[in-house]
Amino acid sequence: MKRSIQIFLVFVLLITVFSCGKKTTNQQQAPPPVAVNIDTIKEEAAVYYDEYPATINALNEVEIHAQVSGYITGIYFQDGAHVTKGEKLYSIDQQQYAGAYNQAVANLNVSKANLVKAQKNADRYIELQKNDAIATQTVDNALADLDAAKMEVSAAQANVSSVETNLRYSTIYAPLTGIIGISQVKIGSSVSPGSVVLNTLSSETPLAVDFAVDEKEIPHFVKLQQQGSAASDSVFTIALPDGSIYNQPGKITLLDRAVDPQTGTIRARLVFSNSGGILKPGMTCNVRVKNLNENAILIPSKAITQQMGEYFVFVVGDSNKVIETNIITGMGIGGATVVKEGLKA
């Protein structure tokens, strides 16, 4: 029994020595601390572009509707063509409107003839009344007939104007100069007021580029708007969907009247020349606003980490303790990134 206890003690001792030796070995093999670079944040001059998603819109756009009922009898343009204001676009069957107009004119002429007759009778009876050669009642009746004839002429003239309007509306003219779209009706199609949009006509140049601006940036854009033509021509440019930069600069024309309380943004509008016809209403693009910041905060892009859509850097604080700091980034310039908020020099 005594020998068994001794063997057990020796076995426990060996295990303890082996464990201590293994722990010492693991400590010796621990990897060294990772070397990192520390940069000092400085303010420096930087030229960069802020980008905003935008949509291209026509400054003037009109939907063309039929204002009278009938069948389309003529289409006088090619789809997608350039048309000028007052150019003939569509015609609607005019037979019924022309017939109504001619009848209304004839009725007007009859009313005018009756008015002439009533006027002569009234004048004759008035002269006879001066010599007491006619009854007063006859004169009164003649004057009443004259008034009725005048009213009939007025009513006939109103009817002529009404049917003339319908006749005029049976031919549709371009309300402005621009590009017309693809016709939504063909010759022989039946149309009526409000039934269908015949086509859409929009101005070709200049075009508007609308985008949303955060309410924090309103003072900056108000300043750019006040500068007007004094601002550099290259302040506002747009990147097209294929990534190319449009070769014409734009200018800011307005900020909307109010901030959208749901998004905290306000709509801004730029205007660009479209002499080459490259821009089309409905296109998406990115507005590029040039910034020259004499006191920009630039840090190496590789120092920034992203987590759940937010950006962070590690900042060395007091006692050499590292603190993860949230930042708001701007545009990248080479291997550096502009920091809008979160860091100071």
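- Residues Phe211 and Pro53 approach most closely at CB-O, 3.4 Å, considering heavy atoms.
- Atom NZ of Lys280 is separated from atom CD1 of Ile56 by 10.5 Å, given to the nearest 0.5 angstrom.
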Handout entry: Trace of the side-chain hydrogen bond (donor to acceptor under 3.5 Å, both in side chains) decision for Thr253 with Gln225
Key = CA-CA 7 Å; Thr253 58; Gln225 185 179 11; over 6 Å; no
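- For the pair Val68/Tyr97, a side-chain contact is recorded, criterion being any heavy-atom separation below 4.5 Å from C-beta on.
- Counting heavy atoms from C-beta on, the side chains of Arg168 and Thr165 come closer than 4.5 Å.
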Exercise for the section: Go through the steps to decide whether Val235 and Ile252 satisfy the test side chain to side chain contact (heavy atoms under 4.5 Å, CB included), and finish with yes or no. Expected result: CA-CA 10 Å; Val235 170; Ile252 185 168; over 6 Å; no
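- For the atom pair CG of Leu343 and CD1 of Ile41, the computed distance is 4.0 Å after rounding to the nearest 0.5 Å.
- Hydrophobic clustering places Ile172 together with Tyr169 (ILVMFWY residues linked when any side-chain heavy atoms are closer than 4.5 Å, directly or through intermediates).
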List the atom pairs, with distances to 0.1 Å, where a side-chain N or O of residues 128-148 and a protein N or O form a donor-acceptor pair under 3.5 Å, not counting sequence neighbours.
| from | atom 1 | to | atom 2 | distance (Å) |
| --- | --- | --- | --- | --- |
| Lys130 | NZ | Glu127 | OE2 | 3.3 |
| Asn141 | ND2 | Gln137 | O | 3.3 |

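- Between the side chains of Asp50 and Asn291, at least one donor N or O sits under 3.5 Å from an acceptor N or O.
- Listed by first and then second residue, the side chain to side chain donor-acceptor pair (under 3.5 Å) pairs involving residues 30-47 amount to none (not counting sequence neighbours).
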Handout entry: Audit row: Asn166, Gln67, side chain to side chain contact (heavy atoms under 4.5 Å, CB included) steps and yes/no
Key = CA-CA 8 Å; Asn166 290 336; Gln67 293 180 282; over 6 Å; no
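- At least one donor-acceptor pair under 3.5 Å links the side chain of Ser91 to the backbone N or O of Gly74.
- The SG atom of Cys285 lies 4.5 Å from the CD1 atom of Ile238; values are rounded to the nearest 0.5 Å.
- Interatomic distance, Glu215 CD to Glu217 CD, rounded to the nearest 0.5 Å: 10.5 Å.
- A search for side-chain contact (heavy atoms from CB on, under 4.5 Å) contacts involving Asn199 returns Ile64, Phe77, Tyr90, Ile180, Ser183, not counting sequence neighbours.
- Between the side chains of Thr237 and Arg288, at least one donor N or O sits under 3.5 Å from an acceptor N or O.
- In this structure, Thr200 and Glu61 have side chains that are in contact, with non-hydrogen atoms separated by less than 4.5 Å.
- Residue Leu59 is not grouped with residue Leu279 when hydrophobic side chains (ILVMFWY) are merged at heavy-atom distances under 4.5 angstrom, including chains of intermediate members.
- Looking only at side-chain heavy atoms (C-beta outward), Tyr246 and Asn274 come within less than 4.5 Å of each other.
- Cluster annotation: Leu224 and Leu255 are assigned to the same hydrophobic cluster (Ile/Leu/Val/Met/Phe/Trp/Tyr, side-chain heavy-atom contacts under 4.5 Å, transitive).
- In terms of modelled atom types and a separation under 3.5 Å, the side chain of Ser203 and the main chain of Asn60 share a donor-acceptor contact.
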Exercise for the section: Begin with the C-alpha distance, continue with both residues' side-chain angles, and end with the deciding distance and a verdict on side chain to side chain contact (heavy atoms under 4.5 Å, CB included) for Tyr173 and Leu89. Expected result: CA-CA 5 Å; Tyr173 300 92; Leu89 301 179; 5.8 Å; no
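- Tracing side-chain contacts under 4.5 Å through hydrophobic residues (I, L, V, M, F, W, Y), one reaches Phe236 starting from Val213; they form part of the same cluster.
- Under a 3.5 Å cut-off, the side chain of Ser170 and the backbone N or O of Leu167 do form a donor-acceptor pair.
- A donor atom on one side chain and an acceptor atom on the other are found under 3.5 Å apart for Glu324 and Gln307.
- Ring geometry for Tyr52 versus Phe221: interplanar angle over 60°, hence perpendicular rather than tilted (30 to 60°).
- The minimum heavy-atom distance between Lys85 and Thr177, with the atom names listed, is N-OG1, 3.0 Å.
- Under a 3.5 Å cut-off, the side chain of Asn102 and the backbone N or O of Ala106 do not form any donor-acceptor pair.
- For the pair Gln184/Leu198, no side-chain contact is recorded, criterion being any heavy-atom separation below 4.5 Å from C-beta on.
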Problem - Worked verdict on Val338 versus Thr329 for side chain to side chain contact (heavy atoms under 4.5 Å, CB included) - result: CA-CA 6 Å; Val338 175; Thr329 61; over 6 Å; no
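- For the residue pair Leu201 and Gly178, the shortest heavy atom distance occurs at CD1-C, 3.8 Å.
- Heavy-atom neighbours of Tyr311 OH from other residues, nucleotides or ligands within 6.0 Å: at or below the threshold of 12.
- We find the CG-CD1 distance between Asn247 and Ile245 to be 10.5 Å, quoted to the nearest 0.5 Å.
- The local environment of CD in Gln95 is sparse, with at most 12 non-hydrogen atoms from other residues, nucleotides or ligands closer than 6.0 Å.
- When atom types are taken as modelled, the side chain of Ser111 and the backbone of Asn107 share a donor-acceptor pair closer than 3.5 angstrom.
- Counted by atom type alone, Thr205 and Ser275 present zero donor-acceptor pairs between their side chains at under 3.5 Å.
- Residues His65 and Val197 come closest through the heavy atom pair CE1-CG2, 3.4 Å.
- Looking at Glu310, its side chain never comes within 3.5 Å of a backbone N or O of Asn326 through a donor-acceptor pair.
- The cationic atom of Lys88 (NZ for Lys, CZ for Arg) lies less than 6.0 Å from the six-membered ring centre of Tyr76 and within 45° of the ring axis.
- The backbone N or O of Thr55 lies less than 3.5 Å from no partner atom in the side chain of Asp210, so there is not a single donor-acceptor pair.
- With Thr337 contributing its side chain and Ile333 its backbone, the two residues share no donor-acceptor pair below 3.5 Å.
- The side-chain heavy atoms of Ile299 and Ile327, taken from C-beta on, include a pair separated by under 4.5 Å.
- Nearest approach of Ser69 to Ile92, heavy atoms of both residues: O-CG2, 4.0 Å.
- Atom CZ in Arg269 sits 9.0 Å away from atom CG in Asp256 (nearest 0.5 Å).
- Across every non-hydrogen atom of Ser202 and Leu176, the tightest pair is C-CD1, 4.2 Å.
- Between Val163 and Val105, every side-chain heavy-atom pair lies at or beyond the 4.5 Å cut-off.
- A distance-only check finds no donor-acceptor pair linking the side chain of Glu341 to the backbone of Val339 [under 3.5 Å].
- Side-chain atoms of Ser195 do not come within 3.5 Å of backbone N or O of Val191 as any donor-acceptor pair.
- Cluster annotation: Ile218 and Val287 are assigned to the same hydrophobic cluster (Ile/Leu/Val/Met/Phe/Trp/Tyr, side-chain heavy-atom contacts under 4.5 Å, transitive).
- For the pair Leu108 and Gln157, the minimum side-chain heavy-atom distance is below 4.5 Å.
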